[in-house]
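To start, the structure itself, in C-alpha cells.
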Amino acid sequence: MNTKKIHVVGAGLAGTECALQLAQMGYQVELYEMRGVKSTPAHKTQDFAELVCSNSFGSMGAASAPGQLKWEAEKLGSHILTAAKEAAVPAGQALGVDREVFARILTEKVRSNPLITVNNKVINKLSDVPRPAVIATGPLTDESLAEDLRSHFGGNDFLYFYDAIAPIIDADSINYDVVWRADRYDKGTADYLNCPIEKEHYYTLITEIENARKIELKEFETTKYFEGCMPIEEMVRRGPETLRFGPLKPVGLRNPKTGRDAWAVVQLRQDNKEGTAFNMVGFQTRMAYGEQTRVFRMIPGLENAEFLKLGSIHRNLYINSPEKLSCDLSSKQDPWLFFAGQITGVEGYFESTCVGLMVAKFLDQKLKDKPFSAPPRASAFGSILEAITEPSRAKHFQPTNINLGLFPAVTKEEEDQIYTRNARGRLIFDKNRKKEYQLQKAQNALSEWI
C-alpha cells in the first residue's frame with residue numbers, strides 16, 4: 001500500500017504511543033478520539049492517555065517481568081514511558097505518576113506534532129476509517145463500533161470482563177497519628193502510607209464489606225472479572241482471609257508506633273506530584289458510593305477521610321486475538337486493519353502501551369515491503385505478542401499482564417547454566433538464578449533485534 005497517512009482510532013495509551021511512533025517514522029497520522037464529543041463511564045477529562053484506574057505503571061524492579069518490559073520499551077524509545085518518568089510520584093519500586101501531569105504532557109506532545117492531525121469524532125463503523133488503520137479504542141470501545149467489529153469478525157467471539165477502580169483520598173483528611181510511612185521490608189524510600197488493622201477490627205470490616213449494598217450489573221447473568229484487578233467484594237467472597245493474604249497482607253510492615261505487626265494493613269499510594277491525594281491500593285470496588293464512604297472510614301487512619309474520587313466498575317471488551325488476529329496484530333479479514341492496546345487482550349497500562357509501540361513497527365515494516373520481524377520470543381515484548389497471537393490459546397483466551405510465566409521455558413541445554421548441582425550431581429533448583437537468566441536472555445535477544 002503506497003501511502004504516507006495512517007489512521008489511528010483511540011487516543012488512549014496504545015493509540016497515543018502508536019501515533020507518536022508513526023509520526024517519528026515520518027508518517028502522517030490522523031488520530032480519532034471520541035472524547036470531546038462523547039465520553040465513557042470511566043473517563044473524566046478530554047486529555048489523551050488518561051489513566052482511569054490506578055496511577056501505577058507497575059514495578060520498575062530490574063529483577064521483575066514488568067521491569068524488564070520497561071527496560072525494553074526504553075530501548076525502543078517509548079513516548080509513554082518518557083512521559084511517565086517526567087510525571088513520576090514517589091511509589092517505592094513502582095512507577096507511579098501524577099495522572100493530570102502525565103496526560104497533559106502527552107496531550108501537548110500529540111497536539112504540537114506537525115505530522116499528527118487530531119479529529120474529535122465518534123467512529124461508528126470500520127468503513128468510516130481509511131486504511132491502513134489501527135483500532136486502539138481500548139476496553140471501553142463505543143457500543144456502535146463494538147457491534148461493527150462483531151460483524152467484521154463474524155460471530156459472537158467478542159469477550160467481556162468487568163474492571164473496577166479504587167477510591168482516592170484527600171491527604172489532609174488522613175489521620176497521621178495512626179498511619180505511618182514505609183515500604184514493605186523497608187525497600188524503596190518509604191513512599192506508602194500504612195493503615196494498621198487489628199484482628200477483631202479486621203473481621204468486622206470483612207462483615208461490613210460483605211453486607212454493603214453493591215452496584216448490580218444487570219446486563220449479564222454471569223460476571224467475569226480480571227484476576228489482576230478484582231473488586232474487594234469478590235475477594236471477600238472467596239473467604240474472610242483472602243484480603244489478608246492479598247492487598248491487606250501485613251508482612252514486612254512492622255508498625256513503629258507499636259513495635260509489632262498488625263493483623264492486616266491497608267496501603268495508600270501517592271496519586272499526584274503534590275502529595276495531596278492518595279490511592280487505596282487494591283481497593284477496587286463495586287460498592288454503592290454511600291456505602292464506600294461508610295465502610296472505608298472504619299479503617300484506622302481513615303476515620304475522617306474525604307474522598308476525592310470513589311471507586312466504580314465498568315465493562316471491558318477484548319477480542320479473541322489468537323483466533324481473529326494475525327501475528328502482526330492485523331485482522332485476518334483485513335490485512336491493513338490493525339489492533340493495539342487492551343482490546344487485543346493484554347491487561348495493564350504498560351502492556352497496552354507496548355502493543356501500540358509494536359503495531360507502529362509492524363505497520364512500518366509492511367508499508368516498506370519488509371519481511372515481518374517480530375520481537376524475539378525470549379524478550380518481554382515477544383512474550384506478550386506470543387500470549388495474544390498463539391492460535392493454541394484461542395479456546396481459553398483470557399487477558400494477561402506481563403509475567404515470567406509468559407517467557408519461554410528453560411531448555412534442557414540451559415539447565416546447567418541456571419541450576420547448581422549438589423555433591424551427588426543432582427540439579428538443585430534456584431528460583432532467583434532462573435529469573436536472572438531469563439531476564440538477561442531477554443535483554444540480549446531484544447538488543448540483538450534492535
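Values reported hereafter were calculated over all heavy atoms of this structure, with side chains retained and with hydrogens, waters and symmetry mates removed.
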*So with a 6.0 Å cut-off around CD of E291, is the heavy-atom count from everything else above 12?*
yes
Just wondering, do [Y] and [X] contact through their side chains at under 4.5 Å, heavy atoms?
X    : Y    : result
I232 : L248 : no
K125 : L145 : no
F397 : E323 : no

_Side-chain H-bond candidate by donor/acceptor type, E436 with Q440, under 3.5 Å_ = no
*Tell me, please, which residues at least two apart from R111 pass salt bridge (Lys or Arg N to Asp or Glu O under 4.0 Å).*
none
*Is the NZ or CZ atom of K75 both under 6.0 Å from the centre of the six-membered ring of W449 and within 45° of that ring's axis?*
no
*Would you call R104 and D47 a salt bridge, using N to O less than 4.0 angstrom?*
no
Please tabulate, for the side chains in residues 81-91, all donor-acceptor contacts under 3.5 angstrom to protein atoms that are two or more places apart in sequence or on a different chain.
residue	atom	partner	partner atom	Å
T82	OG1	S78	O	3.1
K85	NZ	E74	OE2	3.0

*Specify whether F339 and F153 have parallel, tilted or perpendicular ring planes, treating 30° as the upper limit for parallel and 60° as the lower limit for perpendicular.*
tilted
*Any idea how F283 and F296 line up, ring-wise: parallel (<30°), tilted (30 to 60°), or perpendicular (>60°)?*
perpendicular
*Please name the residue in the list Q270, R269, R99 that meets the side chain to side chain donor-acceptor pair (under 3.5 Å) test with N55.*
R269
*Set of side chain to side chain contact (heavy atoms under 4.5 Å, CB included) partners for F245, sequence neighbours left out*: E241
